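Small disclaimer: the values here were computed from a predicted structure and weren't measured. Counting convention: from 1, in listed order, for ligands and their atoms alike.
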Amino acid sequence: MGIIVQKFGGTSVADAQRVRNVAERILYTQSKGHQMVIVVSAPAGKTDELLALAKGVAKKPTAREVDMLLATGEQISIALLAMAINDLGGKAISLTAAQVGIKTDNSHRKAKITEVASTRILSELAKGQVVIVAGFQGVNSQNDITTLGRGGSDTTAVALAAALKADMCEIYTDVDGVYTADPRLVPEAKKLKEISYEEMLEMASLGAKVLHLRAVELGKKYNVPIHVRSSFNENPGTIVRGGELMEQGKIVVGVAHDTKISKLTISKVKDNPGVAAKIFARLAEAGVNVDMIVQGASKEGLADISFTVNKEDAALAHDVATGMMQELSAQTVDRDDHKAKVSIIGTGMITNPGVAAKMFNALAEKGINIEMISTSDINISTVIPESEVEKAVVTLHNVFELDK
Ligand code: ADP
Ligand code: ASP
Ligand code: MG
């Protein structure tokens, strides 16, 4: 039988007992005749702990060294899991990204995989080994360690599944699938049997961290179905795949939220051609990903420009914008870290007018102020105060009857 790639997230390998449980589960599947390639994340909390260490020694730790440090988290898990499997009488070998040959571009902390070598993995599989690969890491053209962005182990798994032409890619996590909203926020959320790559891409990019965005992109590109399921039970999970889906065309399939955003406002900028271009070019040069942008109505030739960025980029974005104040003759640059984005997602929205109005009405009725809006064919996003997130997500889940 063919190759199965399984990825176990941080909570699944958080302590010795869980590592042993995962080891048993892997050996059970192997005993059915499969060749097993396993990707693991750092134990839960480890990556945050390492980031805190970096902040303890440097105000702005250099990205290359942060990657060197963060990659050690995954190395703990691969070594421990291999030991546990060997101890249970199985055969396992742990490998770092460098040992496998997972190549990335040079952008430290958000590197993209460019190539995955399969020779080493295939030769270990041929010896009957369970091959355990460190998630989240890669090496660039100079063989320096890079990392793929928070949550990136999912992407390692899908990239390996594509390169090895695996029969299956399973993502084991602490929920038993993809739900209509984060089940931690909405207890009535329903598990989806399946979801299209397109809708999952939107969910992931709008904050549903159950799958890393790049993992879904690679799944779509190489047509790898991704099965999201729980490490703690045997329940069938959610299949993310292409082709015709039973539930396709639903107006709204899910609600996503993202509290990891910051809103910046540059006030009283001269409303001249080229001003926005200048601001956003400078931010891009600095490596800041800008998400939503709103320019307020111009008054006496002056306008406010607001935009959102990932919280991790907020300090840098603020520095860049502040550095341009004179050049723009702007009055102030404000940064607000207490905002959140709440979005609804569904491919059926294209053909159903009135969805946006229904969403905004529902939020208004609960007294939730919408500060920014963006829409596409398959999502509508709003920026609201962070304190209102739970109320907003629950309200939208109700209004669009996602529990039905
Ligand atoms: P892992 O460490 O296994 O990679 P993550 O914490 O990255 O796990 O992702 C799983 C978490 O994603 C869940 O615990 C859940 O709170 C969150 N989540 C957010 N949105 C959703 C959703 N729509 N469906 C399922 N889980 C979601
Ligand atoms: N350990 C990394 C993180 O916490 C990668 C991952 O868990 O997927 O972001
Ligand atoms: Mg994750």
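By the neighbour-count criterion of 12 heavy atoms within 6.0 Å, atom NZ of Lys311 is densely surrounded, having more than that number from other residues, nucleotides or ligands. Around atom NZ of Lys112, no more than 12 heavy atoms belonging to other residues, nucleotides or ligands sit under 6.0 Å away.
For atom 15 (C) of ligand 1, the closest non-hydrogen atom on the protein side is Asp182 OD1, 3.3 Å. Nearest protein heavy-atom contact of atom 23 (N) of ligand 1 is Tyr179 O, 3.0 Å. Here the protein heavy atom with the shortest distance to atom 27 (C) of ligand 1 is Val210 CB, 3.7 Å. The nearest heavy-atom contact from the protein to atom 14 (O) of ligand 1 is Arg184 NH2, 2.6 Å. At the shortest separation from atom 7 (O) of ligand 2 among protein heavy atoms lies Ser41 OG, 3.2 Å. The protein non-hydrogen atom at the shortest distance from atom 11 (C) of ligand 1 is Asp174 OD1, 3.9 Å. Ranking protein heavy atoms by distance to atom 4 (O) of ligand 1, first place goes to Lys7 NZ, 3.0 Å.
Heavy-atom separations between Ala181 and ligand 1 include at least one value shorter than 4.0 Å. Not a single heavy atom of Gly135 lies less than 4.0 angstrom from ligand 2. Ligand 2 lies within reach of Gly152, whose nearest heavy atom is under 4.0 Å from it. Residue His257 places every heavy atom at 4.0 Å or more from ligand 1.
Proximity of Ser153 to ligand 2, defined as any heavy-atom pair under 4.0 Å, is shared by backbone and side chain alike. Heavy atoms from both the backbone and the side chain of Lys209 come within less than 4.0 Å of ligand 1. Residue-level proximity to ligand 1 for Pro183 is carried by the side chain, the only part with a heavy atom below 4.0 angstrom. If you look at Arg150 next to ligand 1, there are no close heavy atoms at all, none under 4.0 Å. Under 4.0 Å from ligand 2, the heavy atoms of Glu74 that appear belong solely to its side chain.
Against a heavy-atom cut-off of under 4.0 Å, Gly177 is close to the following atoms of ligand 1: 24 (N), 25 (C). For ligand 1, the atoms sitting less than 4.0 Å from at least one non-hydrogen atom of Met203 are 23 (N), numbered in the order shown with element in parentheses. Heavy-atom proximity to Gly151, at under 4.0 Å, picks out these atoms of ligand 2: 3 (C), 5 (C), 6 (C), 8 (O), 9 (O). Atoms of ligand 1 lying under 4.0 Å from at least one heavy atom of Val178, given by number and element, are 24 (N). Within the listing of ligand 1, atoms 2 (O) sit less than 4.0 angstrom from a heavy atom of Gly10. Heavy-atom proximity to Arg150, at under 4.0 Å, picks out these atoms of ligand 2: 3 (C), 4 (O), 9 (O).
In this structure, the side chain of Asn86 engages the main chain of Ala82 through a donor-acceptor pair within 3.5 Å. The closest donor-acceptor contact from the side chain of His227 to the backbone of Gly237 lies under 3.5 Å. Although no hydrogens or angles enter the test, the distance criterion places no donor-acceptor pair under 3.5 Å between the side chain of Asp403 and the main chain of Glu188. Side chain of Thr173 to main chain of Gly9: no donor-acceptor pair is present (N/O by atom type, distance under 3.5 Å, no hydrogens or angles). The main-chain N or O of Arg109 is found under 3.5 Å from a side-chain atom of Asp67 such that the two form a donor-acceptor pair. Judged by distance alone, the side chain of Gln30 and the main-chain N or O of Met36 form no donor-acceptor pair under 3.5 Å. Within the 3.5 Å criterion, the main-chain N or O of His108 finds no donor-acceptor partner in the side chain of Thr146.
Ring-centre distance between Phe232 and Tyr172: not below the 6.0 Å cut-off.
At under 3.5 Å, not a single nitrogen or oxygen of Gly149, backbone or side chain, sits near a nitrogen or oxygen of ligand 2. Between Thr173 and ligand 1, an N or O atom pair is found at a separation short of 3.5 Å.
Using a cutoff of 4.0 Å between basic side-chain nitrogens and carboxylate oxygens, Lys60 and Asp319 are scored as salt-bridged. Checked for salt-bridge contact, Glu124 and Arg120 meet the test: a charged N lies under 4.0 Å from a carboxylate O. By the 4.0 Å N-to-carboxylate-O rule, Asp48 lies too far from Lys46 to be salt-bridged with it.
Applying the salt bridge (charged side-chain N to carboxylate O under 4.0 Å, His left out) test between Asp176 and each of Lys191, Lys190, Arg229 identifies Lys191 as the sole match.
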